[in-house]
Amino acid sequence: MKKVLVIGSGAREHALAQAFLRSKQVERVIVSPGNDGMTDDGIQIESVPVTDLERLRDLALTQAVDLTFVGNEEPLTLGIVDVFQKVGLSIFGPSRAAAQLEGSKSFTKNILEKYNIPTAQSVTVTSLSAASKAVDTLGLPVVFKLDGLALGKGVTIVNDKTQVSDYLSELYTRDSHAKLVVESYLDGVEFSIFSLVGHNGVVTHAPIAQDHKRRFDHDKGPNTGGMGAYSPVRWISDETQDRAISELVMPTIKAMSEEGTPFTGVLYTGVMLTKDGPKVIEFNVRFGDPEAQVVLPQYMGDFYELIDKLHQGKDVTPSWQKDDVYVGVVLAAEGYPESPITGALVPKVEDVAPLLINYAGVKNGMASGGRVATVVAHGQDATTAQQKVYDKIKQLITDLQYRQDIAYQAVQHENK
Ligand code: AMP
Ligand code: GLY
């Protein structure tokens, strides 16, 4: 029987741990640092932080872990895969060099341009005057992306000249050589592809998902880590999905090998479907949160076996369900994302059953962070799944806040 270590602490890592626990080969799942809400599922929580790579390595060694799966990007960009591999531990994820696809916007832009992979036109600059010139060339609206890992806060879309000068003068006053990617604005429909990339060129793709990043209904309010997601996205045709895979995802995987930084692990491609075809918006080197909570329960096979085979570079025959649509709604603390108020009572597994709940900011049964939990329902279509998830949430006694319109795009398409 196998032992798995999942690194991270959110609802995504809870969903990953559950996916491994469903495997008949897995006897124990450890999550570090995890959260209090996970212990009801028999998950073992350890308290090593995601940035303490040496202690995580020692944890995997002393607990005789067979496979480690990294949920969030920070340890990956710090090089956790390199640290584990050095002592012969099996870990599924990109090396430090390959994790630059998420960690460095300029690295990614260089790869995309060099290999002619469709993306927004961009210029990387390190001064105020060069940034202003780039805005003049690209036109408005324009997108500013800070180089380096921004944890969801690095992208700003600006619509007029005043916003441009406010943004640039603030940035270059703070740091006169700040590295900034200035990018043309792409208009279209956004969706995410999660590709599981193994060794020896073995690749498989999970069902696509759509995230809802803005805090309030109708995509209003500040950007957040994600307020809900649904999957699969049936109204985006198979042909479009295949095109995005063959024009964006596969050429990037090939380019990474040719550059001497081969990619393994989860490649999250943020796609904008424009009138000129699909284009890359961004890459992440891990599953999305909350997308993982709606994608992983769709895996009908043995998830441990899938990841183990990919890791060994063996052919896989993945089995994802196709009958239902999964809708996940994030319950967040009041005041999220600016200043979340902790202490609200968090619904228990039995309050939500038969629906699924994955926990994030939870301590002693109370909210301890911004995003607190994701509640997930599935049904024959998005309309049914959406109805189920909101019927349940409305019965819960809680001060937690949520969006009322997750999966609205699919519901609109279904009811046209
Ligand atoms: P990121 O922080 O890279 O995940 O980007 C956040 C969001 O900004 C994306 O999900 C898009 O909705 C938006 N975005 C990023 N780049 C562009 C672009 N070039 N054009 C339009 N929207 C963009
Ligand atoms: N849900 C967006 C992300 O995980 O980056």
Side-chain angles (χ1 to χ4, degrees), residues 8-13 15-16 70-74 76-77 99 101-109 112-113 117-124 134-135 138-159 180-194 206 208-215 219-231 248 266-276 278-296 328-330 332 337 358 360 370-371 374 403 406 409:
S9 62
R12 166 183 49 204
E13 287 73 24
L16 279 165
V70 187
N72 67 325
E73 60 276 18
E74 220 183 341
L76 293 167
T77 49
L101 267 186
E102 176 163 2
S104 166
K105 305 265 187 216
S106 55
F107 171 89
T108 301
K109 278 294 175 185
L112 293 173
E113 273 158 31
I117 299 166
T119 187
Q121 205 188 335
S122 75
V123 188
T124 302
V135 174
L138 296 172
L140 291 171
V142 79
V143 185
F144 293 129
K145 299 187 170 184
L146 289 174
D147 207 37
L149 209 56
L151 304 174
K153 295 187 184 64
V155 175
T156 308
I157 298 169
V158 289
N159 297 299
L180 184 68
V181 176
V182 184
E183 194 172 279
S184 61
Y185 178 82
L186 295 178
D187 203 13
V189 168
E190 210 176 330
F191 67 96
S192 310
I193 303 176
F194 301 97
I208 67 166
Q210 259 187 335
D211 182 15
H212 300 59
K213 285 206 172 99
R214 301 292 202 98
R215 170 62 189 85
D219 294 325
K220 298 266 183 324
N223 257 324
T224 69
M227 293 302 297
Y230 72 97
S231 169
L248 312 179
V266 181
L267 183 62
Y268 164 150
T269 307
V271 181
M272 189 71 88
L273 183 58
T274 71
K275 61 176 175 24
D276 306 320
K279 296 191 180 185
V280 173
I281 283 273
E282 59 164 344
F283 288 113
N284 294 309
V285 297
R286 36 105 191 142
F287 271 114
D289 184 342
E291 294 95 319
Q293 294 89 299
V294 292
V295 168
L296 291 167
V329 177
V330 170
N358 292 131
R371 288 194 292 178
T374 311
R403 268 179 68 158
I406 302 304
Q409 306 93 321

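Atoms within a ligand are numbered from 1 in the order they appear, just like the ligands themselves. The figures here come from the full heavy-atom set of this structure, side chains too, leaving out hydrogens, waters and symmetry mates. Along the sequence shown, residues are numbered consecutively beginning with 1.
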Open item on the list: Test your reading of the structure: does Arg12 have an N or O sitting under 3.5 Å from an N or O of ligand 2?
Closed with: no
So, does [X] use its side chain to make a donor-acceptor pair with the main chain of [Y] at under 3.5 Å?
| X | Y | answer |
| --- | --- | --- |
| Arg371 | Gly225 | yes |
| Thr224 | Lys213 | yes |
| Arg12 | Gly71 | yes |

TODO: Could you tell me whether Phe287 and Phe194 have their ring centroids closer than 6.0 angstrom?
DONE: yes
Open item on the list: If the contact criterion is a heavy-atom separation under 4.0 Å, does Ser122 count as touching ligand 1?
Closed with: no
Any heavy-atom pair between the side chains of [Y] and [X] that's under 4.5 Å?
| X | Y | result |
| --- | --- | --- |
| Glu102 | Tyr268 | no |
| Leu112 | Phe283 | yes |
| Val182 | Val142 | yes |
| Glu183 | Lys109 | yes |

- [ ] Look at atom 2 (C) of ligand 2 and say which protein heavy atom is nearest, naming residue and atom and giving the distance to 0.1 Å.
- [x] Asp211 OD2, 3.3 Å
Open item on the list: Tell me the contacting part of Arg286 for ligand 2: side chain, backbone, both, or neither, using a 4.0 Å heavy-atom threshold, strictly below.
Closed with: side chain
Output the list of atoms in ligand 1 that are nearer than 4.0 Å to some heavy atom of [X], sorted by atom number.
| X | answer |
| --- | --- |
| Ile281 | 15 (C), 16 (N), 17 (C), 18 (C), 23 (C) |
| Glu183 | 16 (N), 17 (C), 18 (C), 19 (N) |
| Glu190 | 9 (C), 10 (O), 11 (C), 12 (O) |
| Lys105 | 3 (O) |

Open item on the list: Does only the side chain of Gln121 get under 4.0 Å from ligand 1, or the backbone, or both, or neither? Count heavy atoms.
Closed with: neither
Open item on the list: With a heavy-atom distance limit of 4.0 Å, tell me whether Leu186 approaches ligand 1 through its side chain, its backbone, both, or neither.
Closed with: both
Open item on the list: Evaluate Tyr185 for polar contact with ligand 1, using N/O atom pairs at a separation under 3.5 Å.
Closed with: no
- [ ] For atom 13 (C) of ligand 1, state which one of Val142, Val143, Ile157 supplies the nearest heavy atom.
- [x] Ile157
